[in-house]
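What follows is a structure written as C-alpha cells; I'll ask about it next.
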Amino acid sequence: MDNRPIGVFDSGLGGLSILKTLTRAFPYEDFIYVADLKNCPYGVKTKAQIAEYVSDISDYLVKRDVKAIVIACNTATANSQHLHLSIPVIGMIQATAKEAMQYRNRGSSLVLATDATVQSHLYRKALNAYQIEAIEVACPTFVMLVEEGKMETSESYRIVSEHLKPYQELAIDSVILGCTHFGFLKQEIHNCLPDAVLVGGGVEVSRQLRHELEHQDAFASDLRHGVVSLVTTGDRDEFKEKIQLMNMPYDEIRAI
Ligand code: DGL
C-alpha cells in the first residue's frame, strides 16, 4: 500500500481531460495536477525549451513525493526522452496509438496535434508499428480555444470545421486527439468527422497506471477518499476562473 500522490501535468488545462478519467478510475488516490500556464502553449516552443519545462515540472513533482507521473500532454511526452526517474512515468503517445489499434479498419488515423508533436512524427512511428497509416495535422489554433474557455461556441465550430474540411472526404477510421486540449473539442471534431472514432488515450493511460501500481503494490488504501490538488505556475485567480469553466472537481488550488 502506498498513499503517496500521483503527479499529472500539462502546459495548461488540456490534461484535465486525462485527470478526469484518472480520478474516476482511481477514487482512493491523491492527485497533484500541474498546469504550466506560465509557459503555455508548449506546441510552439523549441524542443530544448519544452524539455526544460518537462524537467522543471517533474522535479517539482518528485519533491512533492509522488509515486508516479502521468505526462498528460503529448507535446511534453514527445520531449521527455531525457527523463530518468526512479518512479514510473506514463506518457500519452504510445498509449494513444495503442488505444487507436482497436479501431483499425480500412482507413487511416487522422492525428490532430500541436506543431511540436507533428514535427516529432512520433505518432506516425507509433501508428505505423500497428500497421495504421497516419495523417498528421498541426492544429495550432485549437489550444487557445480551450485555454480561453471557448468550447462549443460558434467560433470553435467555425475554426475546427475550417481546419478539418480537407479531411472530410478521406477514409478515416479514427481521429487521434493528439493534444490533450482537444479532449475538450470533441463535439466540434465529431461534427466534422461524424463517422470516425475519437481516441484520446485516457483509457490506455489508466490501464498502464493500474498495471504499474499493481506491479509495485502501490495502490492507496481503499478506506480513504482521494484528494485532488490543482497547481499552476501562472496566476492562481486566473487558473481558478478557468477551472470553473471545465467542470473539474478539486479539493485545493494554488500557484507555485
Ligand atoms: N495539451 C498539450 C498536448 O497534449 C499541448 C498544448 C500546448 O501547450 O501547446 O500536446
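Atoms within each ligand, like the ligands themselves, are counted from 1 in listed order. If you're wondering where the values come from, they're calculated on a predicted model, not measured in any experiment.
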Next on the checklist: Yes or no: does Gly14 have any heavy atom under 4.0 Å from an atom of ligand 1?
Outcome noted: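 Gly14 does not count as a contact of ligand 1 under the 4.0 Å cut-off.
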
query: How about Asn79 and Tyr53: does a side-chain donor come under 3.5 Å of a side-chain acceptor?
result: no

### Query
Would you call the rings of Phe26 and Phe219 parallel, tilted or perpendicular, where under 30° means parallel and over 60° means perpendicular?
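Geometry flag for Phe219 against Phe26: parallel rings.
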
When you compare the side chains of Thr117 and Thr114, does any donor N or O come within less than 3.5 Å of an acceptor on the partner?
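Short answer, yes.
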
> Does one side chain, of Glu212 or Gln208, offer a donor that lies under 3.5 Å from an acceptor on the other?
Replying inline: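 Looking only at side-chain atoms, Gln208 and Glu212 do not form any donor-acceptor pair under 3.5 Å.
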
Ligand 1 to Asp10, heavy atom cutoff 4.0 Å, flagged ligand atoms 1 (N), 2 (C)

- For Thr114, is at least one N or O under 3.5 Å away from an N or O on ligand 1?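 It does not: no N or O of Thr114 is found under 3.5 Å from an N or O of ligand 1.
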
Ligand 1 to Thr75, heavy atom cutoff 4.0 Å, flagged ligand atoms 3 (C), 5 (C), 10 (O)

Checklist entry - Please walk me through it: do Ile159 and Glu155 pass side-chain contact (heavy atoms from CB on, under 4.5 Å)? => result CA-CA 6 Å; Ile159 290 179; Glu155 187 180 350; 3.9 Å; yes

task = Using a strict 4.0 Å cut-off to heavy atoms of Asn74, name the atoms of ligand 1 that fall inside it.
result =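 In order of number, 3 (C), 4 (O), 10 (O).
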
Should one rank Cys73, Gly183, Gly201 by closest heavy-atom distance to atom 2 (C) of ligand 1, which comes out on top?
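Residue with the shortest heavy-atom distance to the ligand atom: Cys73.
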
the protein heavy atom lying closest to atom 7 (C) of ligand 1 turns out to be Tyr42 N, 3.3 Å

Check your understanding: Just by distance, with hydrogens left out, do Tyr42 and Asp36 show a side-chain donor and acceptor under 3.5 Å apart?
Key ->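 Checked: Tyr42/Asp36 side chains pair up, N/O donor to acceptor below 3.5 Å.
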
Under 4.0 Å from one or more heavy atoms of Cys179, ligand 1 contributes atoms 1 (N), 2 (C), 3 (C), 4 (O), 5 (C), 6 (C), 10 (O)

Note to self: Please find the pair of heavy atoms, one from Ser109 and one from Ala100, that lie closest to each other, and give the distance.
What the structure shows: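 What the structure gives for the nearest pair is OG-CB, 4.4 Å.
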
Report task. Would you mind running through ligand 1 and noting each atom that sits below 4.0 Å from a heavy atom of Ser11? Result ->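 Every atom of ligand 1 under 4.0 Å from some heavy atom of Ser11: 5 (C), 6 (C), 7 (C), 8 (O).
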
Within 4.0 Å of some non-hydrogen atom of Gly43, the atoms of ligand 1 are 7 (C), 8 (O), 9 (O)

Determine, stepwise, if the pair Glu29 / Lys67 fulfils side-chain contact (heavy atoms from CB on, under 4.5 Å). CA-CA 11 Å; Glu29 302 291 343; Lys67 61 184 169 189; 2.6 Å; yes

Look only at interatomic distance and state if Thr117 has a nitrogen or oxygen under 3.5 Å from any nitrogen or oxygen of ligand 1.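 Thr117 vs ligand 1: no N/O contact under 3.5 Å.
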
> Heavy atoms only: which of His181, Met92, Lys45, Met144 is nearest to atom 1 (N) of ligand 1?
Replying inline: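 Minimum heavy-atom distance to atom 1 (N) of ligand 1 goes to His181.
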
